[in-house]
*Asks:* 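The structure's right below; bear with me while I get my questions together.
Sequence lines set the chain letters: A, B, ... in the order given, protein chains first and strands last, and positions in each chain run from 1.
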Protein chains: 2
Amino acid sequence: MKESEKIDVSTEEKIKEAARIVFYKKGFAATRTRDIAEEADINLALLNYYFRSKAKLFEMIMLETLSGFIQNMLVVLNDEKTTLEKKVEEIASRYIDLIIKEPEIPTFIVTEIRNNPDMLLKKLPIKQVLTNSMFFKQHEEAVNKGEISEPNPLHFLMNVIGLVVFPFIAKPLLMGGSGINDTEFNALMLERKKLIPVWIKSMMKGE
Amino acid sequence: MKESEKIDVSTEEKIKEAARIVFYKKGFAATRTRDIAEEADINLALLNYYFRSKAKLFEMIMLETLSGFIQNMLVVLNDEKTTLEKKVEEIASRYIDLIIKEPEIPTFIVTEIRNNPDMLLKKLPIKQVLTNSMFFKQHEEAVNKGEISEPNPLHFLMNVIGLVVFPFIAKPLLMGGSGINDTEFNALMLERKKLIPVWIKSMMKGE
DNA sequence: GTCTATAACGTGATAGAC
DNA sequence: GTCTATCACGTTATAGAC
């Protein structure tokens with residue numbers, strides 16, 4: 001890498017980063033290539049020069065985002081050195097930090113997958129990895145030992161991820177409904193890093 | 001109402017219902033007025049004849065959907081005759097039934113509010129109603145009695161709604177990641193009507 | 001690689017006949 | 001109220017000069 005490239009990022013990278021920002025905020029259908037060009041402070045024609053089309057550029061961003069998001073989770077769920085309990089702590093901690101930095105990601109993923117459920121899921125081998133995961137084994141073990149009352153690991157997974165991610169998705173509604181501001185919202189989310197593992201522990205034990 | 005209107009719904013109503021279906025599925029930006037006309041099986045020009053514009057039609061659908069969704073919740077949260085525990089059961093039961101019937105609603109609300117956070121929240125007086133709600137009073141009482149360890153009612157609210165709604169929002173990801181089909185998904189959701197109140201009870205009691 | 005100009009197309013909306 | 005035809009505009013994408 002040349003010295004100049006360390007200071008001024010390449011045009012290609014500038015466009016990609018701008019595209020990420022705009023796509024995250026408005027979704028594919030609502031963003032215009034002009035928005036991206038403006039955000040990147042480049043000429044509109046350069047977008048098509050570097051990336052063939054708006055759709056191609058989008059697909060690239062989407063794939064990176066989604067695979068990053070999911071890969072991150074699979075790594076935690078497949079760690080052979082951590083207990084089930086520790087896995088919950090890891091997911092809560094990692095994802096809350098990550099989403100506070102990039103608050104638009106969860107809604108972005110959800111809305112864009114709705115518009116194209118196949119395309120992306122077929123490219124990512126989530127199912128194989130998940131069903132053979134350390135997480136599933138440990139969950140089954142805990143159920144057999146009577147430490148967890150609900151036998152279906154999908155409920156467990158939905159609960160953890162839902163408790164972590166949902167507040168970010170519902171953030172505008174929550175802020176409108178409660179009157180809290182952005183800083184207060186983030187403080188609440190940080191609290192949840194400690195709270196969620198405790199909650200999960202209590203709720204999964206059963207009455 | 002004339003007899004004929006009972007049999008063939010009015011054109012206006014046909015358009016509105018078609019708009020609801022298409023908007024729910026694709027969102028505002030991605031739907032074309034032609035999609036709506038086709039879904040309603042009417043001439044494209046009629047859409048502008050009955051509703052002034054695509055935006056006006058959308059706003060109507062959005063407002064109805066959102067106020068219905070929120071009003072429903074406020075009614076439960078403000079019921080003076082039910083305990084806090086019963087309120088959780090009510091919300092889980094009502095909303096899971098409702099969303100199974102109209103699975104696109106949560107994602108629709110979330111994505112469209114992202115694109116226009118002000119417009120709609122300012123028209124609905126959620127904040128006043130919520131902060132003076134029976135729910136808040138009962139929660140505070142339970143905290144004072146030591147029945148609930150986490151003092152912030154927002155955590156409680158996020159948890160209940162998240163456990164109920166999140167799986168529907170993440171449905172495509174969940175189905176792709178686990179291999180379950182639509183019927184199995186709905187069965188899981190119905191299970192949660194009973195599970196969520198129990199979980200909430202355990203988790204809020206504290207260790 | 002970067003720019004200007006413009007082509008090619010899709011979309012929301014309306015005019016005007018019936 | 002409903003239709004056909006069409007306008008007016010915004011948007012993606014490219015041609016071609018520099």
*Asks:* With ring pair (Phe, Tyr, Trp, His ring centres under 6.0 Å) as the rule and sequence neighbours excluded, what pairs involving residues 60-95 of chain A come up?
*Replies:* A:Phe69-A:Tyr95
*Asks:* Taking only residues two or more places apart in sequence or in another chain, which ones pass side chain to side chain contact (heavy atoms under 4.5 Å, CB included) with B:Lys127?
*Replies:* none
*Asks:* Please answer whether the main-chain N or O of A:Asn181 pairs with a side-chain N or O of A:Glu184 as donor and acceptor at a distance below 3.5 Å.
*Replies:*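 Present.
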*Asks:* Tell me, which of residues 56-64 of chain B have any heavy atom that sits under 4.0 Å from an atom in DNA chain D?
*Replies:*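 The stretch gives none, as no residue of it lies under 4.0 Å from the strand.
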*Asks:* Walking along DNA chain D from 5' to 3', note the first and the last nucleotide with an atom under 4.0 Å from a heavy atom of chain A, and give both.
*Replies:*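 Here the contact window of chain A covers D:dT11 to D:dT14.
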*Asks:* Between C:dA5 atom P and A:Leu44 atom CG, what is the distance in whole Å?
*Replies:* 14 Å
*Asks:* With sequence neighbours excluded, what pairs up with A:Asn132 under the side chain to side chain contact (heavy atoms under 4.5 Å, CB included) test?
*Replies:* none
*Asks:* Check DNA chain D against residues 18-40 of chain A and give the residues with a non-hydrogen atom under 4.0 Å, in numerical order.
*Replies:* A:Thr31, A:Arg32, A:Thr33, A:Arg34
*Asks:* Does C:dT4 have its OP1 or OP2 closer than 4.0 Å to a side-chain nitrogen or oxygen of A:Asn43?
*Replies:*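 So the side chain of A:Asn43 is within the cut-off, an N or O lying under 4.0 Å from OP1 or OP2 of C:dT4.
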*Asks:* Identify, with sequence neighbours excluded, every residue that meets salt bridge (charged side-chain N to carboxylate O under 4.0 Å, His left out) alongside A:Glu64.
*Replies:*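 Once residues adjacent in sequence are excluded, the partners of A:Glu64 under the salt bridge (charged side-chain N to carboxylate O under 4.0 Å, His left out) criterion are A:Lys16, A:Arg20.
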*Asks:* Can you pull out every side-chain hydrogen bond (donor to acceptor under 3.5 Å, both in side chains) where at least one residue sits in residues 99-112 of chain B? Sequence neighbours excluded, please.
*Replies:* none
*Asks:* State which residues pass salt bridge (charged side-chain N to carboxylate O under 4.0 Å, His left out) with B:Arg52; sequence neighbours excluded, sorted by chain then number.
*Replies:*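 Residues passing salt bridge (charged side-chain N to carboxylate O under 4.0 Å, His left out) with B:Arg52: none at all.
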*Asks:* Touch check for A:Tyr49, heavy atoms < 4.0 angstrom, all strands: base, sugar-phosphate only, or nothing?
*Replies:* base
*Asks:* Once salt bridge (charged side-chain N to carboxylate O under 4.0 Å, His left out) is applied, what residue pairs with a partner in residues 26-50 of chain A remain, sequence neighbours excluded?
*Replies:* A:Lys26-A:Asp35, A:Arg32-A:Asp35
*Asks:* Could you name each residue pair satisfying salt bridge (charged side-chain N to carboxylate O under 4.0 Å, His left out) that touches residues 164-177 of chain A, not counting sequence neighbours?
*Replies:*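 Qualifying pairs, neighbours excluded: A:Lys171-A:Asp182.
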*Asks:* Please name all residues satisfying ring pair (Phe, Tyr, Trp, His ring centres under 6.0 Å) with B:Phe166, sequence neighbours left out, ordered by chain then number.
*Replies:*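 In terms of ring pair (Phe, Tyr, Trp, His ring centres under 6.0 Å), with neighbours along the sequence ignored, B:Phe166 is linked to no residue.
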